[in-house]
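Below: one structure, written as structure tokens.
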Amino acid sequence: MNNMLSDPMIIWPETPTIPKELQYFIDEGITIYGGTKGPFKLNGEKSVSTVIRLIELLKFNTDNKVDFINKLYEEEDGQYLIYLFTILNKNGCIEIQNENIFRSINVNKLNSFVNNYKSEKEIKDKFKNTSLKLTTNNQELLNTFQNSFFCINSVNSKNNTNWELREINNISDIEQVDDSLTTLIFANTNKGLIVGPILSRDALDKSSAIKYYSQFQGKFKSLSSTQVSLVHLITTKVISKLGEYNLDKGLYTFFNYKTEFVSKLDIYEDDNLDILEKFDIATSFSSVRYSNKNNHFAHYKNSNNLLSRESINTEFFKEYKGKIPNYLKNVIKYLNDFKNDIPNKKYTPTGGNINSNIIFYLNYDSSELYGEGIYIYNNIKKQMFQISDDTQWSMNCIKHEPQGYSGLILIGSDIDLIAQKYNDFGFKIGSLNTGILLATFLALKDTAFSERKYEFIEKFEEKVIIEKLGMSLKNLVINLIIGVKKIDTRNM
């Protein structure tokens with residue numbers, strides 16, 4: 001909760017209350033009216049009773065935001081109340097007292113998430129500090145942007161330009177896009193309006209856009225007044241992060257009154273891409289999904305919060321009740337354990353704060369733990385479990401000399417768990433987590449981990465290892481194996 005309060009992406013009213021015009025209607029759920037985004041519905045009996053209770057608490061609230069959220073936290077179903085509070089907030093149903101941030105702002109056009117800005121001045125400053133180059137011959141579109149809050153540069157200007165909005169009337173218009181800018185392209189065609197993609201070093205490249213737009217060569221048309229308004233609205237939302245348009249990974253078509261998203265993978269679907277190319281496109285991360293002011297709240301969704309305390313099932317493994325060797329205990333603590341005073345925070349962070357890192361220990365020392373075998377650490381139960389007492393298999397699938405090691409630390413990543421939030425991008429999150437974990441290990445190997453010497457094992461057969469760990473039905477990845485060297489007693 002403290003993380004949510006201090007999150008710079010979320011602006012909370014100092015003294016939260018509700019606008020007088022807020023109303024609700026109950027019908028197999030609760031529909032709420034009066035927010036700046038318009039009506040929205042929450043389903044379920046629990047939503048009905050909890051929203052009504054929250055509205056009553058807000059109606060008579062005089063506490064500041066910290067005290068109010070703390071009060072919600074102490075209520076029955078406190079987590080759910082806080083989640084609903086964020087829903088009301090992002091839909092503009094929480095009033096900011098003594099300040100009308102919407103004065104002079106066309107709410108019908110922006111119409112979402114402007115309540116996440118502290119003031120009208122902050123909105124204007126955002127636009128004023130964003131330099132936009134317009135490349136179009138449409139005078140109505142030029143006039144629309146000239147009358148907006150953006151700092152508009154001339155067509156030939158390159159100085160201090162952050163963004164370019166470029167109308168496509170010919171494929172050569174795409175070829176001429178300046179690679180140093182972030183360019184949003186659009187066109188009206190014989191089928192209808194196309195908006196996107198964004199072309200930049202961090203988004204799509206020109207070849208993707210050329211491939212898609214080539215089918216409309218010779219079929220480009222002038223924009224209608226309605227399309228001008230739509231292009232202006234989408235551009236405003238994309239640049240100011242007020243909306244959900246995922247234009248860094250694809251484009252939108254508005255054909256025959258139907259809106260469809262066309263991803264990069266869709267653009268290349270007829271091409272003979274190899275499996276790695278398809279994987280790279282499918283698992284690319286949409287920053288829009290989690291960085292704009294709407295979807296940023298997804299990090300605090302209750303189901304996503306629960307992922308930080310989810311653990312792998314160790315119910316059928318043998319619990320180890322003895323003392324964990326100190327060297328191993330330290331490695332486990334700093335690489336996989338939670339901080340005692342902050343139960344949702346780990347010493348080594350993970351993507352999305354998901355509890356997806358898993359530490360296995362292949363023990364070769366008969367005097368430690370329950371003797372030789374495979375062990376797993378459950379960081380929720382703060383307990384080790386023995387999976388099996390067999391280690392002979394390791395000689396055939398891990399390139400090492402077992403007699404030189406006390407054991408092997410296997411770093412696993414539960415991709416199924418990550419995918420509950422990040423879908424196909426979960427594989428890359430798993431690799432990112434391993435990189436962070438490796439950096440932590442290297443930073444501590446001469447201090448907190450100095451009781452033993454360690455070596456990295458570079459070659460191993462992951463599929464066989466996962467089967468021996470009893471995890472063959474899971475999407476588990478083993479990215480790293482660290483050998484714990486035996487103590488040389490000859491020098492003692």
Side-chain angles (χ1 to χ4, degrees), residues 305-391 393-394 398 405-418 420 430 433-434 436-438 440-441 444-445 448-449 451-452 454 465-484:
N305 276 328
L306 292 175
L307 297 178
S308 67
R309 299 292 294 179
E310 187 84 14
S311 70
I312 199 159
N313 188 357
T314 53
E315 182 180 352
F316 300 104
F317 301 145
K318 183 179 179 181
E319 182 178 353
Y320 175 68
K321 298 182 179 180
K323 184 178 180 181
I324 299 174
N326 198 53
Y327 71 88
L328 184 57
K329 185 177 180 180
N330 281 341
V331 170
I332 288 170
K333 174 182 177 181
Y334 289 109
L335 298 189
N336 195 229
D337 238 336
F338 292 87
K339 296 181 179 180
N340 292 330
D341 55 337
I342 312 176
N344 285 328
K345 286 291 184 181
K346 293 183 284 290
Y347 286 97
T348 298
T350 57
N353 198 32
I354 298 170
N355 190 29
S356 53
N357 285 348
I358 306 171
I359 289 186
F360 300 93
Y361 187 61
L362 188 57
N363 181 35
Y364 293 138
D365 191 334
S366 59
S367 66
E368 292 182 344
L369 304 176
Y370 283 150
E372 293 187 21
I374 312 168
Y375 294 81
I376 182 174
Y377 181 71
N378 185 318
N379 61 0
I380 300 298
K381 297 181 179 180
K382 293 190 177 295
Q383 202 71 44
M384 287 202 81
F385 294 82
Q386 187 180 42
I387 297 174
S388 81
D389 58 4
D390 180 19
T391 62
W393 57 269
S394 66
I398 302 174
Y405 299 94
S406 295
L408 304 180
I409 300 168
L410 284 64
I411 306 299
S413 192
D414 186 346
I415 305 302
D416 288 335
L417 192 62
I418 304 173
Q420 291 184 45
N433 289 343
T434 302
I436 296 169
L437 191 145
L438 176 59
T440 303
F441 177 83
L444 297 177
K445 72 181 182 67
F449 305 156
E451 286 188 36
R452 291 293 184 94
Y454 301 90
I465 294 172
I466 291 172
E467 183 178 331
K468 294 298 182 180
L469 295 174
M471 304 287 171
S472 56
L473 297 180
K474 290 187 66 63
N475 280 311
L476 181 72
V477 174
I478 302 294
N479 281 330
L480 185 64
I481 297 181
I482 303 170
V484 181

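Quick caveat, the model's predicted, so the values are computed rather than measured.
- In this structure, Tyr377 and Val331 have side chains that are not in contact, with every pair of non-hydrogen atoms separated by 4.5 Å or more.
- Ile478 places a side-chain heavy atom less than 4.5 Å from the side chain of Phe360.
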CA sep, side-chain torsions, deciding dist, call: Leu362, Ile398, side-chain contact (heavy atoms from CB on, under 4.5 Å): CA-CA 11 Å; Leu362 188 57; Ile398 302 174; 4.2 Å; yes

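- Shown here are the side chain to side chain contact (heavy atoms under 4.5 Å, CB included) partners of Gln386, two or more places apart in sequence or in another chain: Lys318, Tyr370, Tyr375, Asp389.
- Ser394 and Tyr364 make their closest contact through OG-OH, 2.7 Å (heavy atoms, listed as atom of the first residue, atom of the second, distance).
- How far CG of Leu417 is from CG of Leu476: 11.5 Å, rounded to the nearest 0.5 Å.
- Gln420 places none of its side-chain heavy atoms less than 4.5 Å from the side chain of Ile354.
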Pair up each side-chain donor or acceptor in residues 321-329 with any protein partner under 3.5 Å, not counting sequence neighbours, and list the distances.
residue : atom : partner : partner atom : Å
Asn326  : ND2  : Glu451  : OE2          : 2.4
Tyr327  : OH   : Tyr361  : OH           : 3.0
Tyr327  : OH   : Glu368  : OE1          : 2.7

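- At distances below 3.5 Å, at least one donor-acceptor pair connects side-chain atoms of Asp416 with backbone N or O atoms of Asn475.
- In this pair, Tyr334 and Phe449 present their aromatic rings tilted. The plane angle is within the 30 to 60° band.
- Val484 has its side chain out of reach of Asp365: every pair of non-hydrogen atoms, C-beta onward, lies at least 4.5 Å apart.
- Rounding to the nearest 0.5 Å places CG of Asn378 at 12.0 Å from CD1 of Ile359.
- Side-chain contact between Phe441 and Thr348 is absent, with no heavy atoms from C-beta onward closer than 4.5 Å.
- Within the 4.5 Å cutoff, side-chain heavy atoms of Lys346 are placed close to those of Asn353.
- Summarising the geometry, atom CD1 belonging to Ile387 is positioned 12.5 Å from atom NZ belonging to Lys468; distances are rounded to the nearest 0.5 Å.
- In this structure, Ile415 CD1 and Asn433 CG are separated by 8.0 Å, a value rounded to the nearest 0.5 Å.
- The closest side-chain donor-acceptor pair between Thr350 and Asn357, if any, does not fall under 3.5 angstrom.
- Note that CG of Asn330 and CG of Leu335 are 10.0 Å apart. Values are rounded to the nearest 0.5 Å.
- Residues Glu467 and Trp393 are not in side-chain contact: their nearest non-hydrogen atoms beyond the backbone lie 4.5 Å or more apart.
- Side-chain N/O atoms of Asn479 and Ser413 include no donor and acceptor closer than 3.5 Å.
- In this structure, the separation between CD1 on Ile482 and OH on Tyr454 is 8.5 Å, given to the nearest 0.5 Å.
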